[in-house]
Amino acid sequence: MTAEIGQAAIFLSVLSGLWAIGFLCIGLRTRNQNAVRSGRNAVVATFILVSIATGALIYGFVTDDFSMRYVVEVSSAAQPLLYKITALWGRMSGSLLFWLWLLTVAGVIVVWQNHRHTKETSDTLSDYALIPMAVVQLFFIILVTGIIEGVYNPLERFPNGQMAPDGAGMNPLLQTPSMAFHPPTLYIGWISLTVPFAFAVGALASGRIGSDWILRSRRWTLFSWIILTIGITLGGNWAYRELGWGGYWAWDPVENASFMPWLLCTAYLHSVMIQEKRNMLKLWNILLVTLAFQFTLLGTFITRSGIISSVHAFAQSDIGGYFLGFILVSTTGVIGLIIYRWKRLKSANRLESLLSRESAFILNNWLLVGLTLIILWGTLWPIISEAINGQKSSVPEAFFNQIVIIPGLLLLFLTGAGPIISWKKITANNFQRMFLLPLAIGLASGGLTWGFLALKGTTSALYSVLCVSVGVFVIAAISAEFYRGAKLRAKRQNTSFLNGLNLLIQRNKRRYGGYIIHIGIVILYIGIMGSKGYFLLESKSLRMGESMEVGQFQLTMKDSFEKEFENYRRTGVVFDVAKNGKQIGTMEPARHFYYKTGQGEQDTIESAIRHFGVNDFYIALGSIPPNVKTGGVVNVQAYYNPLIGVVWIGVAVMVLGGIVAIAEKSEHNNDS
């Protein structure tokens with residue numbers, strides 16, 4: 001009966017969703033507080049009903065209920081408990097239900113926050129924001145009911161009481177800790193962007209086009225940015241460890257689909273500061289947050305339509321058309337509201353100088369939005385090329401790597417220059433005090449880097465020199481800001497420098513949390529420079545006892561092994577590893593052969609990775625013949641990834657800065 005209760009809850013949630021939209025609209029239109037409260041309660045009821053349905057599906061996984069179609073497709077009796085639960089988002093139907101549940105969680109939080117806020121005031125902005133949230137929820141509810149073509153109800157049973165003896169099991173590539181947390185983290189990041197979008201629509205509908213809606217949604221946006229940063233990194237780490245190609249980012253269409261909302265979210269977080277400080281860019285901020293939300297739906301369209309092939313994508317489905325239609329309808333609705341409120345969206349102030357913090361943030365926005373559009377063009381090019389000449393033409397990774405270099409370096413420079421330049425107009429005193437020393441240190445670092453690389457025989461390293469030079473400038477500029485502020489705070493409070501630094505950060509967490517994020521970005525850039533620019537790869541076919549070299553490393557294949565586990569077989573090779581002729585140990589790359597995958601036996605690459613500080617040595621295997629011990633040939637790919645660890649460190653620092661910034665109380669409106 002559990003599945004039937006879950007199905008009933010889904011269909012009842014259609015009614016609660018309609019109830020929420022209808023009574024909120026009527027109550028706000030007629031100023032009937034009872035109707036508004038009824039609409040809020042319907043939002044809570046939707047959460048309860050969808051939670052019942054989600055819990056019923058998880059119960060089906062945990063109890064191995066193989067009378068349920070979705071359970072059979074993505075789980076098996078031998079599957080570990082963790083992966084039975086994460087099978088919830090293993091395929092399209094379940095992932096849509098999980099997405100819907102997260103949406104309803106966000107709706108309940110907004111209701112709760114509104115309840116707290118309206119204890120002292122009669123504010124209605126959050127109630128207006130609940131309407132677009134309920135509309136988005138209703139769209140996903142309709143999808144998971146199974147009444148439309150392209151997706152079935154995830155709680156659906158087989159007809160006539162049929163029950164499979166066992167399930168097909170989850171795709172082996174998804175049975176890793178990274179993939180247990182990567183998809184839900186991205187979902188949370190994407191879905192939390194619905195809230196600032198809803199507040200923007202609520203501001204347009206209510207006519208409250210000031211900064212109030214920004215203050216209400218700012219922490220939601222920053223939360224989304226933090227979670228998306230973590231989710232994208234988890235995906236990169238999964239690709240690095242599980243796909244066997246030694247990299248963490250290949251500009252795959254689904255990777256791009258997660259990255260583009262992050263870029264727009266980053267742009268929005270910078271542009272709202274101008275509205276708060278200078279009462280400018282009202283229209284631009286609404287457009288930015290709308291784009292960020294719509295790109296989360298666009299990513300879902302790319303992932304689930306099957307129009308673009310990707311290692312991450314779901315199977316081809318007709319559901320993509322519904323997402324595209326919803327994007328068009330919702331965007332049209334926002335444009336209509338913008339036209340209706342056009343006079344109120346005019347800026348109260350104008351840009352006074354090209355050399356100002358406003359200009360730096362606007363340039364930052366142009367670069368981020370421009371990058372987003374270029375990445376979108378490259379991502380959708382297979383569809384565009386097919387429409388033009390009837391053939392799908394993929395865009396190579398090199399295209400993206402080349403087009404991001406100049407905008408990337410400009411953005412890196414702005415992470416240091418933007419926050420320290422004056423509002424309105426830079427003065428000669430401000431330039432001399434803030435910029436001269438950091439610029440000198442940055443240029444000197446670039447010169448030293450060029451000299452070092454020249455001694456190493458690397459003559460074409462302009463990107464590395466510029467990256468180091470700009471990165472050091474950013475760190476010097478931000479460090480100077482910390483130093484001046486902490487020194488002044490310590491002097492005023494008659495305390496130590498470290499205590500003054502702590503007081504400084506506590507006083508303005510948003511500002512200095514942002515500085516920490518910028519330092520993390522510099523660290524990330526340095527890591528990318530090393531891991532992408534000085535990456536070594538050697539591929540060779542080896543027999544037992546033969547060797548190969550990768551830079552300063554020497555590998556000798558000395559043995560093979562095979563181990564049986566409950567639902568897979570592990571087969572691999574043992575290598576003796578030496579560095580500069582000195583033996584340093586063994587490494588055991590392998591392949592896992594899974595018995596239950598729904599497609600027969602399927603194998604995965606299990607790379608062997610050894611860390612040398614922030615550098616990695618990495619081995620992956622091709623197919624392993626049965627006669628490997630007696631002369632069979634194994635294709636071996638070995639990689640040296642310098643500074644790969646710096647990439648993960650940079651992201652950790654960025655997340656730390658985000659956590660510091662989000663701890664700022666929402667009512668504060670500090671100069672950031």
Side-chain angles (χ1 to χ4, degrees), residues 178 236-250 397 401 449 452-461 463-464 467-468 523-524 526-562 570-592 603-625 628-629 631-650:
S178 293
N237 187 268
W238 168 79
Y240 180 63
R241 295 182 178 277
E242 299 297 329
L243 298 184
W245 58 284
Y248 50 87
W249 192 263
E397 181 183 348
N401 289 335
T449 302
F452 174 77
L453 293 174
L455 288 174
K456 291 285 186 178
T458 306
T459 56
S460 57
Y463 171 73
S464 298
C467 187
V468 170
I523 297 171
L524 175 64
I526 298 298
I528 293 172
M529 176 197 73
S531 59
K532 290 284 190 180
Y534 301 94
F535 173 92
L536 295 177
L537 163 64
E538 293 292 339
S539 182
K540 192 173 182 180
S541 297
L542 297 180
R543 291 183 172 85
M544 202 61 64
E546 293 182 339
S547 302
M548 64 183 293
E549 292 189 2
V550 184
Q552 57 192 327
F553 294 92
Q554 301 83 42
L555 301 178
T556 302
M557 193 165 76
K558 74 168 191 176
D559 200 3
S560 65
F561 60 88
E562 185 169 296
R570 179 180 176 88
T571 303
V573 174
V574 180
F575 286 95
D576 279 330
V577 183
K579 184 179 181 182
N580 294 323
K582 182 180 179 181
Q583 195 71 24
I584 58 174
T586 61
M587 295 176 68
E588 298 183 358
R591 295 181 79 97
H592 286 180
D603 67 320
T604 62
I605 298 170
E606 302 298 319
S607 306
I609 304 173
R610 184 153 185 163
H611 307 293
F612 296 89
V614 294
N615 309 320
D616 279 0
F617 188 62
Y618 179 112
I619 308 174
L621 301 179
S623 59
I624 304 173
V628 62
K629 286 183 180 290
V633 175
V634 180
N635 185 51
V636 181
Q637 288 189 315
Y639 308 81
Y640 178 61
N641 289 327
L643 302 185
I644 183 72
V646 175
V647 172
W648 317 127
I649 293 170

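Please read all numbers here as calculations on a predicted model, not as lab measurements. Side-chain atoms are counted along with the backbone in the values below, which use heavy atoms only and exclude waters and symmetry mates.
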**Report entry** Polar side chain donor-acceptor pair, E549 to S547, under 3.5 angstrom
**Finding:**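 Note: E549 and S547 side chains miss the donor-acceptor criterion.
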
If you look at every heavy atom in [X] and [Y], which pair is closest and at what distance?
X	Y	answer
A638	L555	CB-CD1, 3.8 Å
V647	S531	CG2-OG, 4.0 Å
S541	V633	CB-CG1, 3.3 Å
S607	G244	OG-CA, 3.7 Å

Requested in this report: Any chance you could lay out the salt bridge (Lys or Arg N to Asp or Glu O under 4.0 Å) test for E562 and K629, step after step, and finish with the verdict?
Outcome: CA-CA 12 Å; E562 185 169 296; K629 286 183 180 290; over 6 Å; no

Answer yes or no: is there a donor N or O on one side and an acceptor on the other, between the side chain of [X] and the main chain of [Y], under 3.5 Å?
X	Y	result
R610	I584	yes
D603	H592	no
D576	K558	no
Q554	Q552	yes

Query - CA sep, side-chain torsions, deciding dist, call: L542, M548, side-chain contact (heavy atoms from CB on, under 4.5 Å) - result: CA-CA 8 Å; L542 297 180; M548 64 183 293; 3.9 Å; yes

Can you confirm whether [X] sits close enough to [Y] that some side-chain heavy atom of one is under 4.5 Å from a side-chain heavy atom of the other?
X	Y	value
E588	V574	yes
I644	Y248	yes
S539	N635	yes
M529	V646	no
V614	L643	yes
I605	W245	no
Y534	N615	no
V573	D559	no

Report task. Run the numbers on E606 and E242 for side-chain contact (heavy atoms from CB on, under 4.5 Å), then give the verdict. Result -> CA-CA 6 Å; E606 302 298 319; E242 299 297 329; 3.7 Å; yes

To the nearest 0.5 angstrom, please state how far the [atom1] atom of [X] sits from the [atom2] atom of [Y].
X	Y	atom1	atom2	answer
T604	R570	OG1	CZ	9.0 Å
Q637	L621	CD	CG	9.5 Å
I619	I609	CD1	CD1	10.5 Å
N401	I528	CG	CD1	10.0 Å
F452	S464	CZ	OG	11.0 Å

Query - Partners passing ring pair (Phe, Tyr, Trp, His ring centres under 6.0 Å) against Y618 (at least two apart in sequence or in another chain) - result: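 Once residues adjacent in sequence are excluded, the partners of Y618 under the ring pair (Phe, Tyr, Trp, His ring centres under 6.0 Å) criterion are Y240, Y639.
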
Requested in this report: Go through S560 and I624 one step at a time and tell me if the side-chain contact (heavy atoms from CB on, under 4.5 Å) criterion holds.
Outcome: CA-CA 9 Å; S560 65; I624 304 173; 5.8 Å; no

Query raised in the report: Would the F575 and F617 ring centres measure less than 6.0 Å apart?
Result: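 So the answer is no for these two rings.
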
Report task. List the steps, then state whether side-chain contact (heavy atoms from CB on, under 4.5 Å) holds for V577 with T586. Result -> CA-CA 5 Å; V577 183; T586 61; 5.9 Å; no

